[in-house]
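Presented below is the structure to which this report refers.
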Amino acid sequence: MMLTCLANCVRGCRGRVLLPVRTAKSFSTRLAEVGRLEAPKESGAYETGQLFLHRVFGYRGLILFPWLARVYDRDLNTKKEKLGDAAENLNNNNQQQQGREVKGRTHTYYQVLIDARDCPYIRAQTEAVTFLGHQDSARSLYAIPGLDYVAHEDILPYTASENSTQPPLQHELFDKFLSPVPNRDPPFGAQQTLIAWQRKNHPWLELSDVHKETTEGVRVTVIPFFMGCRTTQSSNVYWWRYCIRLENLGPLPVQLRERHWRIFSLSGTLETVRGRGVVGQEPLLSAALPAFQYSSHVSLQAPSGHMW
């Protein structure tokens, strides 16, 4: 069973979280109970240490800390335009241009750890969180495996089974960042190392803006991150990373075959990038596997710019 199907499977398990476990000797697969689902929070934020299943990608994860992001959802603007008075659509060009502006709404996202046991089976890059090297002239990028950003509505919280022989989460940073806290729910709390790590790396970890839009049944979510500036002998180079999630909301399968980017820097340069697929893949988005997520990078000659 692919983990991307788990979000649909767990609903029929009377609150139990059942995951496929591969037996090394026989190479067979069986279901094992790892915990019990909790009711998702409709309001308020989840706490550090909360275990969860990802609603879309199905992996097991653990919440480190929240981010408050501005979400620019163009689908909401489209709905408002359809419900508005038809007379308002006859405004002059200046008013129409103002109507296209999308207002950001504050929304909670979470920095999370991904369970290493699930990484081979999910349709999302598990080394998507990257940062620049410390050397001023270096262009090297370093990745932290098993980190992700998850929206509040994609969290399916659960508690680990007390009689489970499996650890609640497998990740190299788990024991460094968290420790058991008796009589606490969730039963894990942040260590000082996690607090110091968040404070030190806040500039390139911070999630501030999220952009969403649906076109012909495919919903695209884009999250940009400013990574920093590197100085060369002739100029400054400003590095950004971006995370893109594609979701097929329609009944028919679609496939991403080609990418075509126009990258405009406020320095005045315009670059075109075109090629097959993304990150070496041409993902098929079907009813069984409707989503795909990847991350990439771009360098500009100015602090900001546009991609379309």
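Note that the structure is a prediction, hence the values are computed from the model and not measured.
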Handout entry: Audit row: Glu38, Arg36, salt bridge (Lys or Arg N to Asp or Glu O under 4.0 Å) steps and yes/no
Key = CA-CA 7 Å; Glu38 300 175 354; Arg36 289 187 173 272; over 6 Å; no
Problem - Side chains of Met307 and Phe264 in contact at under 4.5 Å (non-hydrogen atoms) - result: no
Fill in the blank from the handout: The reported gap from CD in Gln301 to CD in Glu271 (rounded to nearest 0.5 angstrom) is 9.5 Å
Exercise for the section: Any chance you could measure Lys200, atom NZ, to His202, atom NE2, to the nearest 0.5 Å? Expected result: 15.5 Å
Exercise for the section: Mind telling me whether Phe188 and Phe174 have parallel, tilted or perpendicular rings, with 30° and 60° as the class edges? Expected result: perpendicular
Exercise for the section: Indicate if Val71 and Val222 have the same hydrophobic cluster label, given that clusters are the connected sets of ILVMFWY residues with side-chain heavy-atom separations under 4.5 angstrom. Expected result: no
Exercise for the section: Answer yes if the side chains of Glu206 and Trp67 hold a donor-acceptor pair under 3.5 Å, and no otherwise. Expected result: no
Problem - Centroid-centroid under 6.0 Å between Tyr46 and Phe65 rings - result: no
Practice task
Determine whether Leu62 and Val112 make a side-chain contact, defined as any pair of heavy atoms from C-beta on separated by less than 4.5 Å.
Solution key: no
Problem - Spacing of His171 atom NE2 and Leu178 atom CG [to the nearest 0.5 Å] - result: 11.0 Å
Exercise for the section: Test His260 against Val273 for side-chain contact (heavy atoms from CB on, under 4.5 Å), laying out the working first. Expected result: CA-CA 6 Å; His260 185 187; Val273 177; over 6 Å; no
Exercise for the section: Please determine if Glu282 and Arg276 form a salt bridge, counting it only when a charged side-chain N lies under 4.0 Å from a carboxylate O. Expected result: yes
Exercise for the section: For the residue pair Glu172 and Pro145, establish whether any side-chain heavy-atom pair is separated by less than 4.5 Å. Expected result: yes
Exercise for the section: Report yes or no: does Ser265 contribute a side-chain atom to a donor-acceptor pair with the main-chain N or O of Gly268 at less than 3.5 Å? Expected result: no
Exercise for the section: Tell me, yes or no, whether the heavy-atom count around Glu258 atom CD, taken from other residues, nucleotides or ligands under 6.0 Å, exceeds 12. Expected result: yes
Practice task
Kindly say whether Asp175 contributes a backbone atom to a donor-acceptor pair with the side chain of Gln191 at under 3.5 angstrom?
Solution key: yes
Handout entry: Nearest-0.5 Å distance that lies between atom OG1 in Thr159 and atom CG in Leu51
Key = 8.0 Å
Exercise for the section: Taking only Lys NZ, Arg NE, NH1 and NH2, and the carboxylate oxygens of Asp or Glu, determine whether Arg219 and Asp73 approach each other closer than 4.0 Å. Expected result: yes
Practice task
Using a strict cut-off of less than 4.0 Å between a Lys/Arg side-chain nitrogen and an Asp/Glu carboxylate oxygen, indicate whether Arg184 and Glu47 qualify as a salt bridge.
Solution key: yes
Completion exercise
Shortest non-hydrogen pair, Pro224 vs His211, comes out as CD-CD2, 4.2 Å
Exercise for the section: Report yes if some heavy atom in the side chain of Phe292 is under 4.5 Å from a heavy atom in the side chain of Gln281; otherwise report no. Expected result: yes
Problem - Check: Leu113 and Leu169 side chains under 4.5 Å, non-hydrogen atoms - result: yes
Handout entry: Exercise: do His297 and Thr130 side chains pair donor with acceptor under 3.5 Å
Key = yes
Problem - Over 12 non-hydrogen atoms of neighbours within 6.0 angstrom of NZ in Lys41 - result: yes
Problem - Distance, nearest 0.5 Å, that separates SG of Cys243 from CD1 of Ile223 - result: 5.5 Å
Handout entry: Transitive ILVMFWY side-chain link Tyr238 to Ile263, under 4.5 Å
Key = yes
Handout entry: Separation of Asp118 CG from Arg60 CZ (nearest 0.5 Å)
Key = 4.0 Å
Practice task
Check the hydrophobic clustering (I, L, V, M, F, W, Y; side-chain heavy atoms under 4.5 Å; chains of links allowed) and say if Val220 and Leu285 are grouped together.
Solution key: yes
Practice task
Determine, for Asp154 against Arg55, whether the closest basic-nitrogen to carboxylate-oxygen distance falls under 4.0 angstrom.
Solution key: yes
Practice task
Tell me whether Leu173 is reachable from Val181 by hopping between hydrophobic residues (I, L, V, M, F, W, Y) whose side-chain heavy atoms are closer than 4.5 Å.
Solution key: no
Exercise for the section: For the residue pair Asn201 and Phe131, establish whether any side-chain heavy-atom pair is separated by less than 4.5 Å. Expected result: no
Problem - Where Ala291 and Val56 come nearest, the two heavy atoms and their spacing - result: CB-CG1, 3.4 Å
Fill in the blank from the handout: Closest non-hydrogen atoms of Cys119 and Ile114, given as atom of the first, atom of the second and distance, are SG-CG2, 3.9 Å
Problem - Donor-acceptor contact present, side-chain Ser295 to main-chain Tyr242, <3.5 Å - result: yes
Fill in the blank from the handout: Those residues at least two apart in sequence (or on a different chain) that pass ring-ring contact (aromatic ring centres under 6.0 Å, His included) with His107 are Tyr109
Handout entry: Minimum side-chain heavy-atom gap Leu284-Leu289 below 4.5 Å
Key = no
Problem - Pair Gln293, Asp148: side-chain N/O donor-acceptor within cut-off below 3.5 Å - result: yes
Fill in the blank from the handout: Heavy-atom nearest pair, Phe57 first then Ile122, reads O-CG2, 3.7 Å
Problem - Shortest non-hydrogen contact from Cys229 toward Asn236 - result: SG-CB, 3.7 Å
Handout entry: Backbone of Trp204 reached by a side-chain donor or acceptor of Arg241 within 3.5 Å
Key = yes
Problem - Check: Asn248 side chain, Leu252 main-chain N or O, donor-acceptor pair, under 3.5 Å - result: yes
Practice task
Walk me through it: do Leu64 and Phe177 pass the test side-chain contact (heavy atoms from CB on, under 4.5 Å)?
Solution key: CA-CA 8 Å; Leu64 294 179; Phe177 283 171; 4.2 Å; yes
Practice task
Treating Ile, Leu, Val, Met, Phe, Trp and Tyr as nodes and any side-chain heavy-atom pair under 4.5 angstrom as an edge, say whether Leu300 and Phe226 lie in one connected cluster.
Solution key: yes
Practice task
Kindly indicate whether the side chain of Glu213, heavy atoms from C-beta on, has any atom under 4.5 Å from the side chain of Asp75.
Solution key: yes
Exercise for the section: Might you work through the side-chain contact (heavy atoms from CB on, under 4.5 Å) test for Val218 and Leu249, ending with a clear yes or no? Expected result: CA-CA 6 Å; Val218 177; Leu249 306 180; over 6 Å; no
Problem - Polar side-chain atom of Ser161 near backbone of Gly35 as donor-acceptor pair, under 3.5 Å - result: yes
Exercise for the section: Just do the side-chain contact (heavy atoms from CB on, under 4.5 Å) check on Leu156 and His54 with the steps written out, would you? Expected result: CA-CA 6 Å; Leu156 296 176; His54 195 293; over 6 Å; no
Problem - Exam field: side chain Trp240 to backbone Pro303, donor-acceptor pair closer than 3.5 Å - result: yes
Problem - Polar contact flag, side-chain donor to acceptor under 3.5 angstrom, Arg70-Tyr72 - result: yes
Handout entry: Smallest separation among heavy atoms of Tyr158 and Gln50, with atom names
Key = O-NE2, 3.3 Å
